[in-house]
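Basis for what follows: all heavy atoms, side chains included, without hydrogens, waters or symmetry-related copies. To find a chain, count down the sequence lines: A is the first, B the second, and so on, and within it residues start at 1.
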2 protein chains.
Amino acid sequence: MVPAGFAEERVMEKRGDRLRDVLEEEILTGVLRPGDRLEELQLAERFGVSRTPIREALFQLSAAGLIEQRPRRGTFVAEVGPKRLMEMFDVMSELEAMCARLAARRATPEDLAALRRAHDGCAAAAERGDFDGYYYENEIFHEKIREASRNGFLVEQADALQKRLKAYRRLQLRARDRLRASFEEHDAVIAAIEAGDAEAAGEAMRGHVTVQGERFADLLASLERREAKSA
Amino acid sequence: MVPAGFAEERVMEKRGDRLRDVLEEEILTGVLRPGDRLEELQLAERFGVSRTPIREALFQLSAAGLIEQRPRRGTFVAEVGPKRLMEMFDVMSELEAMCARLAARRATPEDLAALRRAHDGCAAAAERGDFDGYYYENEIFHEKIREASRNGFLVEQADALQKRLKAYRRLQLRARDRLRASFEEHDAVIAAIEAGDAEAAGEAMRGHVTVQGERFADLLASLERREAKSA
DNA sequence: GTCAATCATCATGTATACATAATGCCGATT
DNA sequence: AATCGGCATTATGTATACATGATGATTGAC
């Protein structure tokens, strides 16, 4: 029987956990690209460890959906087609909408202040046409809304799914008008949350995420068509 | 590079996968109860394998949220408190509501027929006051709605979360009136889906799942209070 | 020259051996 | 008597050795 309550115990991290973080980062940033093979021996040599912790890391990434393990065949960075990407964004939209609805009902004054700061950060980045900056501030904005939902489990789920989708961010179109449109959508969301209008907040957020997903999926589809033609 | 399309390849299952299934079943059915310790050596001996595939199984269960691994300390069947259980049911409600909404829009005639059959199964079980039977038919009903959403990713997420919650089903109250109330809620859901009213279907489903979650959480809270008192 | 079957190669799956940190016992000290 | 600290124990973390199935290259038949 394990004691019911365990506060902040500083726990030694396993090698596998650190390796997972490194590999995850490389997948999310595109150093490792969808379809790439991950060979255990090669990774073991690269990191100077045995295969055992490597396998642990791979299992964790596989469970997170970032890689795909095919027994006896090897493991590969997950490839997501347009159809599935759309499905994932549909769910993401819903989770984010739920966060926004709950945030509208439960956000504390501190939550609202943090949210407003993040929004201002987006504004500044949009103003100067700073795409990378906007991307960064945008993540904070969404994160603050999630936190304001005051549902820890929901936050975990949303974060996990966002990670899976993040690997496809490099498909993002860098259109100036999209930057402004995104910001205006944020504006509608934050206004609804501050007004305590849960339904409006949810709807605004759903639309905001969905349009982003559609753009990704369209672009991905066109890329795949091009590849198919050239192959 | 992995081939883009891989049809039905019969793949050999790993031992770890089979072990995961066995342990999962034992957790979901309550043979292994929240807080129970899982010792690798002991499990290895029990199943007649080495620790390696046992560890694989544990990693998978850990990722699924069914167990908790604390480095150097051991692994335990996950314990979920009332607060977190409520959070999880809130998310479950939302996912199921989303399934219902999508089902109302996209269900094929075959989907609707299967759904109706499942509903009739529930009716029969409720009629004869068969709690176990209703539980079984109820699962099919929900599963059919999920399938009718035609969003494979959503179905996966909903299934995964349902598994995590399933471990708490033994808390279910066996009240006859709850059986009838549940059935009537189902009736509202299926009516809205058949009518193609997405919003109504979603709302009906949300309420249906939420009320169930509240009952679980209340019961769990009362159990924990009792334990705390006796300790 | 093409195709298919056989076999060598190698990455993955599994077992075992070794390393190390957490746990609990026991005795010494206050 | 109670508490602290050291030591033995043991389960987990890691490395290595062995087993096995997938891959593809070679060879032979047509």
Side-chain angles (χ1 to χ4, degrees), chain A residues 1-24 27 32 35-64 66-79, chain B residues 1-24 27 32 35-64 66-79:
Chain A
M1 187 66 179
V2 63
F6 26 64
E8 301 297 326
E9 341 172 35
R10 266 289 148 262
V11 175
M12 163 151 287
E13 201 176 70
K14 296 197 294 181
R15 293 211 168 122
D17 292 343
R18 188 165 300 276
L19 294 168
R20 165 179 51 76
D21 290 340
V22 173
L23 290 173
E24 180 181 285
I27 292 172
L32 290 168
D36 283 359
R37 177 165 198 161
L38 297 167
E39 263 183 57
E40 298 175 0
L41 208 66
Q42 186 179 307
L43 291 170
E45 192 173 355
R46 175 182 157 197
F47 290 110
V49 299
S50 78
R51 281 173 55 213
T52 308
I54 296 289
R55 298 193 106 233
E56 284 187 13
L58 294 182
F59 273 113
Q60 294 187 49
L61 291 171
S62 177
L66 290 173
I67 67 176
E68 208 175 310
Q69 288 184 309
R70 298 199 283 151
R72 287 271 176 207
R73 301 287 199 70
T75 74
F76 306 85
V77 178
E79 288 189 291
Chain B
M1 185 69 181
V2 62
F6 27 63
E8 300 298 326
E9 340 171 35
R10 270 288 148 264
V11 170
M12 160 149 287
E13 200 176 73
K14 295 196 293 182
R15 280 178 205 202
D17 292 344
R18 187 164 301 275
L19 294 170
R20 164 180 52 76
D21 289 340
V22 174
L23 290 174
E24 180 181 286
I27 292 171
L32 291 169
D36 284 359
R37 177 164 197 161
L38 296 166
E39 263 182 59
E40 298 175 359
L41 209 67
Q42 184 179 310
L43 291 170
E45 192 174 355
R46 174 182 158 197
F47 291 110
V49 298
S50 79
R51 280 173 55 211
T52 309
I54 295 288
R55 298 192 107 231
E56 284 188 13
L58 293 183
F59 272 111
Q60 293 187 51
L61 292 171
S62 178
L66 291 173
I67 66 177
E68 207 175 311
Q69 290 183 305
R70 296 199 284 151
R72 287 273 176 205
R73 301 286 197 73
T75 74
F76 305 84
V77 178
E79 287 189 290

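As rounded to whole Å, 13 Å separates atom P of D/dA22 from atom CZ of A/Arg37. When the P atom of D/dA11 is taken as reference, atom CD of B/Glu45 falls 11 Å away, rounded to whole Å. The separation between B/Glu56 atom CD and C/dT12 atom P is 13 Å, rounded to whole Å. As a whole-Å value, the separation of B/Leu58 CG from D/dA11 P is 15 Å. At whole-Å resolution of the value, CD in B/Glu39 and P in C/dA22 are 17 Å apart. One interatomic measurement links the two molecules: CG of B/Leu43 to C1' of C/dA15, which rounds to 16 Å at whole-angstrom precision. The nearest whole Å value for the distance from the CZ atom in B/Arg70 to the P atom in C/dA22 is 12 Å. Between A/Lys14 atom NZ and D/dT12 atom C1' the separation is 8 Å, expressed in whole Å.
Place A/Thr52 and B/Leu41 on DNA chain D by their nearest nucleotides, and B/Leu41 ends up nearer the 5' end.
A 4.5 Å side-chain heavy-atom check between B/Phe59 and B/Arg20 finds every atom pair outside the cut-off. Using a 4.5 Å heavy-atom cutoff, the side chains of A/Phe76 and A/Arg70 are in contact. Here the side chains of A/Leu58 and A/Leu23 are in contact, with some heavy-atom distance below 4.5 Å.
The side chain of B/Arg73 lies closest to C/dA22, out of D/dT12, D/dA15, C/dA22.
Of the side-chain N and O atoms in B/Ser50, one or more sit less than 4.0 angstrom from OP1 or OP2 of C/dA15.
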Give each protein N/O atom lying under 3.5 Å from an N/O atom of nucleotides 17-20 of chain D, with the pair distance.
{"from": "D/dT20", "atom 1": "O2", "to": "A/Arg72", "atom 2": "NH1", "distance (Å)": "2.9"}

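Counting any heavy atom pair closer than 4.0 Å across all strands shown, B/Arg55 reaches a base atom. Residue B/Leu38 is classed as a sugar-phosphate contact, given heavy-atom separations below 4.0 Å to backbone atoms only.
Rounding to the nearest 0.5 Å places CD of B/Glu56 at 11.0 Å from CZ of B/Arg15. The CG atom of A/Leu19 sits 14.0 Å away from the CZ atom of A/Arg55 when rounded to the nearest 0.5 Å. A distance of 8.5 Å separates CG in B/Asp36 from CD in B/Glu79, rounded to the nearest 0.5 Å.
Shown here are the side chain to side chain contact (heavy atoms under 4.5 Å, CB included) partners of B/Thr52, two or more places apart in sequence or in another chain: B/Ser50.
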